[in-house]
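These notes are about the structure you will find just below.
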Amino acid sequence: GAGVSQSPSNKVTEKGKDVELRCDPISGHTALYWYRQSLGQGLEFLIYFQGNSAPDKSGLPSDRFSAERTGGSVSTLTIQRTQQEDSAVYLCASSLFAGRNSPLHFGNGTRLTVT
Amino acid sequence: GQNIDQPTEMTATEGAIVQINCTYQTSGFNGLFWYQQHAGEAPTFLSYNVLDGLEEKGRFSSFLSRSKGYSYLLLKELQMKDSASYLCAVRATNAGNNRKLIWGLGTSLAVNP
């Protein structure tokens, strides 16, 4: 597809379960970002990939969160032992490169609800 | 600390002009972005400013003053479809790396007929 694709679009899970969120960036985009957006909150940076490497993991809220990227393309964000405070929209974005004037292209997000 | 301020909500009339302001206090500056986000959808890129002045792109223009830590997004000939949240984001040079954006909370614009 032409844009950033995320799956699933919606996920409802029980507290304590693990979830895996997937992001398929725009072909050829080297940089990939994960953000979290909660109601009334700004976009919260989670992690950034350049190729398959994650130079900046500073935004991951806890060690329950992890992410990987393979083949310089698809990325997965895994949340282990989900908690109710993890409920949010998880947005993935990619950019052609990580340079200062390269805009982010966002996917439609995964709405995660932890019950 | 790093901070971005935008008005929470604005209302305007179809056909009118509206200006959405953004002020920032960051440890460095390496560009400012404006994004549009319709409810339930992904943010989409509108504009990028790194030098002082006005950038015009159709009905939308964006202005930057680095000395004042200030930007605005100007929307002309408003249409109902412009009802959305408008996000201001700054790339701060000292934000851990040069690639992490600092985001405002967004301005929710309602365009009325």
| query | Between A/G42 and B/L105, which heavy-atom pair has the shortest distance, and what is it? | reply | N-CD2, 2.8 Å
| field | B/Y48 and A/P103, any side-chain heavy atoms less than 4.5 Å apart | value | no
| request: Answer whether the closest heavy-atom distance between the side chains of A/L104 and B/P43 falls below 4.5 Å. | output: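 SC-SC contact between A/L104 and B/P43 ruled out.
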Same hydrophobic cluster for [X] and [Y], using side-chain heavy-atom links shorter than 4.5 Å among ILVMFWY?
X: B/F33; Y: B/Y70; result: no
X: B/L46; Y: B/I20; result: yes
X: B/L75; Y: B/Y72; result: no
X: B/V18; Y: B/L73; result: yes
X: A/L21; Y: A/V4; result: no

| query | Given that the side chain runs from C-beta out, which part of B/I4 has a heavy atom under 4.5 Å from chain A: side chain, backbone, both or neither? | reply | neither
| request: Examine whether an atom of A/E44 lies under 4.5 Å from a heavy atom of chain B, and if so say whether it belongs to the side chain, the backbone or both; otherwise answer neither. | output: neither
| query | What part of A/L43 lies closer than 4.5 angstrom to a heavy atom of chain B: side chain, backbone, both or neither? | reply | both
| field | B/E77 atom CD: more than 12 heavy-atom contacts under 6.0 Å | value | no
| message | For A/E85, is the CD atom crowded, meaning more than 12 foreign heavy atoms sit under 6.0 Å from it? | response |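 Correct, the count exceeds 12.
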| message | According to ring-ring contact (aromatic ring centres under 6.0 Å, His included), who are the partners of B/Y35, at least two apart in sequence or on a separate chain? | response |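 Here the qualifying residues are A/F106, B/F45, B/W103.
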| message | Are there residues of residues 107-115 of chain A whose heavy atoms fall under 4.5 Å of chain B's heavy atoms? If so, which? | response |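 Near chain B, by residue number: A/G107, A/N108.
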| task | Please say which of A/Y35, A/Y48, A/Y33 ends up in a side chain to side chain contact (heavy atoms under 4.5 Å, CB included) with B/L101. | result |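 Passing option: A/Y35.
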